[in-house]
Amino acid sequence: MTFVPNWEEFEKAAEMLYLQDPINTRYSVKYSHSKGAFNVKITDNKKCLQYKTEVQQDVRKIDKFMSNLLRHMASNDN
Amino acid sequence: MVLLSNDEFLAELTKLFQKARLAGSITMTMKRYDGRSKPQPRDGTPAVKNPEYKCLLRAQSKSKKISTVVEQRDVEKFSTAYSNLLKTSVNGLKRLKKPKKKAMATQ
């Protein structure tokens, strides 16, 4: 359960984690409107990375990363 | 867990977001899915040969859980719709600073 302090680092580390074991890696985001919190988590059951933010601008970056990941998951690249 | 079509999933997800506005949270999970509907065989042979990978998405808020499978051919369409949904639904966070006037003028 490691929180990564900045998004760029998280993105890089998350990508590495995913590419090592694409089929067993899951990626989840949690949003709480009342608390104004947005948490991101990626894990392959061995290692787990988290990132949390309260800033609206970060959502755009996270969203971009998510669409890339979605595209990669639904493709036959390894 | 209810498996929905992509469009139904997006519609339900919008509702979940509305419901969780006052209290509670929403979790969305995605992972790669090879299409298998049976457990992995014990001898280690793959359950699905030459899988065509898809993406499995799940969303959960309170006790309601929904899921969908995005096929390769639907990825573009789905990811656009999904991004739009997130953009409109996730809007309760802090805004750090306003964009510069110059940037506004060029838009």
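These numbers come from the heavy atoms of this one structure, side chains and all, not from hydrogens, waters or symmetry mates. To find a chain, count down the sequence lines: A is the first, B the second, and so on, and within it residues start at 1.
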For this session: Check whether any side-chain heavy atom of A:Ile23 sits under 4.5 Å from a side-chain heavy atom of B:Tyr33, and report yes or no.
Result: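 Sidechains of B:Tyr33 and A:Ile23: no contact.
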
Problem set entry | Non-hydrogen side-chain atoms of A:Tyr31 and B:Leu93 separated by less than 4.5 Å | yes

Exercise. Between the side chain of A:Asn76 and the main-chain N/O of B:Tyr53, is any donor-acceptor distance below 3.5 Å?
Worked result: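 Pair found, side chain donor or acceptor close to backbone of B:Tyr53.
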
Exercise. Does the A:Gln56 side chain pair with the main chain of B:Val90, one donor and one acceptor, at a distance under 3.5 Å?
Worked result: yes

Is it the side chain or the backbone of [X] that comes within 4.5 Å of chain A heavy atoms, both, or neither?
X       : answer
B:Asn91 : both
B:Glu76 : side chain
B:Ser61 : neither
B:Leu57 : side chain

Seminar exercise, completed: Against chain A, residues from residues 21-32 of chain B with at least one heavy atom under 4.5 Å, in numeric order, are B:Arg21, B:Leu22, B:Ala23, B:Gly24, B:Ser25, B:Ile26, B:Thr27, B:Met28, B:Thr29, B:Met30, B:Lys31, B:Arg32

Exercise. How many angstroms lie between OG in B:Ser79 and NZ in A:Lys64, if you round to the nearest 0.5 Å?
Worked result: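 Rounded to the nearest 0.5 Å, the OG-NZ separation comes out at 13.0 Å.
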
For this session: Nearest 0.5 Å please: distance from the CE atom of A:Met66 over to the SG atom of B:Cys55.
Result: 9.0 Å

For this session: Say whether B:Leu56 and B:Phe9 are linked into one hydrophobic cluster, either directly or through other cluster members, by side-chain heavy-atom distances under 4.5 angstrom.
Result: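 No, separate clusters.
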
For this session: Mind ranking B:Arg95, B:Lys94, B:Arg58 by heavy-atom pairs under 4.5 Å with chain A and telling me who comes out on top?
Result: B:Lys94

For this session: Examine whether an atom of A:Leu69 lies under 4.5 Å from a heavy atom of chain B, and if so say whether it belongs to the side chain, the backbone or both; otherwise answer neither.
Result: both

